[in-house]
Amino acid sequence: MAPKSKDKPKPSPSSQPPPPIEDQFTSLNRHIQRSEFSQAVKVADQILSIAPGDEDALRCKIVALIKDDRIDDTLSAIQSSRTIDFSFFKAYCLYRQNKLDEALGSLRDQERNSATMLLESQILYRLGKMDACVDTYQKLAKSKIDSLEINYVAALTAAGRASEVQGAMEALRVKATSSFELAYNTACSLVDVNKYTDAEQLLLSARRIGQETLMEENLPDEDIEIELAPIAVQLAYLQQLLGHTSEASEAYRDIINRDLADESSLAVAVNNLIALKGPKDISDGLRKLDKLKDKDAPNFRLARGLEPKISQKQRETIYANRLLLLLHANKMDQAREMVATLADMFPNSVTPLLLQAAVLVRENKAGKAEEILGQFAENFPDKSKLVLLARAQIAAAAGHPHIAFESLSKIQDIQHMPATVATLVSLKERAGDVDGAIAVLDSAVKWWSNAMTEDNKLDVVLQEAASFKLRHGREEDAAKLYEELVKTHGSIEALAGLVKTVARVDIKKAETYEKQLKPLPGLKTVDVENLEKTSGAKHVESAADLGASDAYMVDKSKAKSKKKRKRKPRYPKGFDPANPGPPPDPERWLPRRERSSYRPKRKDKRAAQVRGSQGAVAREKHDSGVSGGSSNNADSKSNQATSSKATNQNTGSNQSRSSSKSSKKKSRN
């Protein structure tokens, strides 16, 4: 029998020759086209094992890792390839990790093309540098980049330049309804310019366009609702601005309870609902904000996935509202810890400083708050407006009018506004400096006299200045102001004030001005001389008192007196008024010892017997003729021995009783 032939051993996979590199690139391209990024990374690694320095394979691997949201692995791959410059991809990965300053630094040495400028604008937007972001978008406007107008309008709105949105859209030749994202951003710009009705209509159009667009993409209903959640939140915010608080609250609660919104929209809804409710339900507001915090952080900090999705202004608002809730809840320790971290989180904002001042005021340290606000205003004059306003408010509330006046005086752009002038005058008047208040009014009158504005407030300032000077005995100066007011504006109020003022110093001149006043209707039949002889007007029930349309006199003799309604008496439960029974004791509310029926208890005579050895009773009878004073002392000592809590009054009563007993004993002998 012939021996069996041995089977040839199968070659191991490692011993098999690798497929040609061209086939691997074909496979890599196929995986990328199918969005199979994990498989694309594996194929790229196979190519790199054959050709370690292949730039195309490494670039495909990095892009596939980014598409697969493996940002940390992408950075590791970039670090391992030192021969090829992947600074752009590194900047994008740092941007995804919210390391914005590092990302911006990684772009500095890159060529200024449309891709780098677009990424730079995104980084600047998230950093809150809106003006620089807008400048970058304006440079990119000439480039044909898809959906550039959406980000451009968003940047203009966030920069506080909503009035420029319409012109920018006309320059780009796009309509607001070309996409639901652009319609949403344009509606936000209309909200900033107080065009609430137009904004609401555009938001409704954005929701309709979004539903139609997303349904064409065959997205499920829940995904469509999540995608359009920002529009729902903005519609609720519009209701809040229009004063429809109940509708806004209901809309916010519906968004929160349904939990069909992205993280950023949910955070905005929670924050707006807390701001709408105010300090009415502090604990509920703190609980809602705790749902947005990072679970691993020891203190309150927004979740890592949420922070990159909302703007810096929105993050700052959420932190500020939480701190205010802590102050209302009187949780001062948590408030101090939180305010200490805000300065590092928002270094370019004055909000952390204002919140620190609020904490100090709550701790009754208004002087310290005024000090830190004043130092900041001196060091950073370009950011001092809000700080000085806060300092003035704190000082005025703390009773420091001089500091409040000093702070307001440093804000030049509102110095001559009527509200500011009135506040400055009030502060000077409270400090007892009438001359300083008059100087403020004179400065305001001079400024408005030279102002070339459409909405001139000279008449308002003149009227208040004349009234103030008249109130403080400056009749001549007040008369000059009233004369100027009559000449320039010719108001009846100014003419009446002029007559009243001049009458104090010059009657004839006052009569001259009085002739310019129009006669009041119905006064021709009044005899002025007889009216002056009367003792004065008597109060007569008039139409205002009665609520009638025409005035008439009421004859009090004919007026029927209003009858008081008799109420039925309320009896105790179970009481029968027909059979009331015996009357209650009239002395039932008096203490028992004060009632007439009170009889004190008789004292037991046996209590005075002395217990001891034989013969003690006989000796007491033998010594019964002793004086009342000795008996008194014995009795008081026995009282002290039996009760250590006896007061002086009790001792005195015992003494009187003992003396009476001894006298009785004497009379018996």
Could you give me the CA-CA distance, side-chain angles and deciding distance for Arg474 and Phe468, then say whether side chain to side chain contact (heavy atoms under 4.5 Å, CB included) is met?
CA-CA 9 Å; Arg474 310 290 177 90; Phe468 183 85; over 6 Å; no
Do you see a donor-acceptor pair shorter than 3.5 Å between the side chains of [X] and [Y]?
X      : Y      : answer
Asn113 : Thr116 : yes
Glu316 : Thr351 : yes
Gln97  : Asp72  : yes
Asn194 : Tyr196 : yes

Looking at side-chain heavy atoms only, is the closest gap between [X] and [Y] below 4.5 Å?
X      : Y      : answer
Pro230 : Asp262 : yes
Tyr137 : Met117 : no
Asp254 : Ile256 : no
Thr423 : Ser426 : no
Asp131 : Leu124 : no
Val434 : Lys428 : no
Asp459 : Trp448 : no
Ile150 : Ser179 : yes

Salt-bridge criterion met for [X] and [Y] (N-O under 4.0 Å):
X      : Y      : value
Glu363 : Lys368 : no
Arg301 : Asp296 : no
Lys288 : Asp284 : yes
Asp290 : Arg322 : yes
Arg258 : Glu225 : yes
Arg304 : Asp294 : yes

If every non-hydrogen atom of [X] is compared with every non-hydrogen atom of [Y], which pair is closest and at what distance?
X      : Y      : value
Ile282 : Ala329 : CG2-CB, 3.7 Å
Leu276 : Ala248 : CD2-CB, 4.1 Å
Ala168 : Leu156 : CB-CD1, 3.8 Å
Leu302 : Glu307 : CB-CG, 3.7 Å
Ala199 : Val191 : CB-CG2, 3.7 Å
Ser407 : Leu388 : CB-O, 3.6 Å

Evaluation steps, side chain to side chain contact (heavy atoms under 4.5 Å, CB included), between Val361 and Lys365
CA-CA 5 Å; Val361 170; Lys365 298 178 181 178; over 6 Å; no
Spatial distance of atom [atom1] ([X]) from atom [atom2] ([Y]) [nearest 0.5 Å]:
X      : Y      : atom1 : atom2 : value
Glu250 : Asn257 : CD    : CG    : 11.0 Å
Leu203 : Thr186 : CG    : OG1   : 10.0 Å
Ser283 : Leu325 : OG    : CG    : 10.0 Å
Leu242 : Glu247 : CG    : CD    : 10.0 Å
Leu119 : Ser114 : CG    : OG    : 11.5 Å
Leu94  : Asp101 : CG    : CG    : 10.5 Å

Could you give all pairs that pass the salt bridge (charged side-chain N to carboxylate O under 4.0 Å, His left out) test and reach residues 374-403, with sequence neighbours left out?
Lys385-Asp413
Quick test of your reading: applying salt bridge (charged side-chain N to carboxylate O under 4.0 Å, His left out), list the pairs with at least one residue in residues 165-187, sequence neighbours left out, ordered by first then second residue.
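Of all non-adjacent pairs touching residues 165-187, none passes salt bridge (charged side-chain N to carboxylate O under 4.0 Å, His left out).
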Between Phe300 and Tyr319, does the ring-ring contact (aromatic ring centres under 6.0 Å, His included) criterion hold? Intermediate values first, please.
CA-CA 9 Å; Phe300 180 82; Tyr319 281 107; 5.7 Å; yes
Got more than 12 heavy atoms from elsewhere within 6.0 Å of [atom1], [X]?
X      : atom1 : result
Lys277 : NZ    : yes
Met417 : CE    : no
Tyr237 : OH    : no
Arg161 : CZ    : yes
Lys293 : NZ    : yes

Can you tell me if [X] uses its side chain to pair, donor with acceptor, with the backbone of [Y] under 3.5 Å?
X      : Y      : value
Asn271 : Ala267 : no
Ser311 : Gln314 : yes
Ser409 : Phe405 : yes
Asn151 : Ser147 : no
Gln201 : Thr197 : no
Arg362 : Leu327 : yes
Arg430 : Ala396 : yes
Ser121 : Leu118 : yes
Ser106 : Ser87  : yes
Gln393 : Ala390 : no

Between Arg207 and Phe180, is NZ or CZ placed under 6.0 angstrom from the six-membered ring centre and within 45° of the ring axis?
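Output no; distance or angle outside limits.
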Yes or no on salt bridge (Lys or Arg N to Asp or Glu O under 4.0 Å) for Glu102 and Lys90, after CA distance, side-chain angles and deciding distance?
CA-CA 9 Å; Glu102 297 180 31; Lys90 180 182 178 181; over 6 Å; no
Stepwise, does the side chain to side chain contact (heavy atoms under 4.5 Å, CB included) test hold for Leu353 with Gln356?
CA-CA 5 Å; Leu353 181 69; Gln356 183 183 0; 4.1 Å; yes
Give the C-alpha distance, both sets of side-chain angles, the deciding distance and a yes or no for side chain to side chain contact (heavy atoms under 4.5 Å, CB included) between Met338 and Gln334.
CA-CA 6 Å; Met338 187 173 181; Gln334 297 183 35; over 6 Å; no
So, applying side-chain contact (heavy atoms from CB on, under 4.5 Å) with Val421, which one of Leu441, Val445, Val460, Ile414 is it?
Leu441
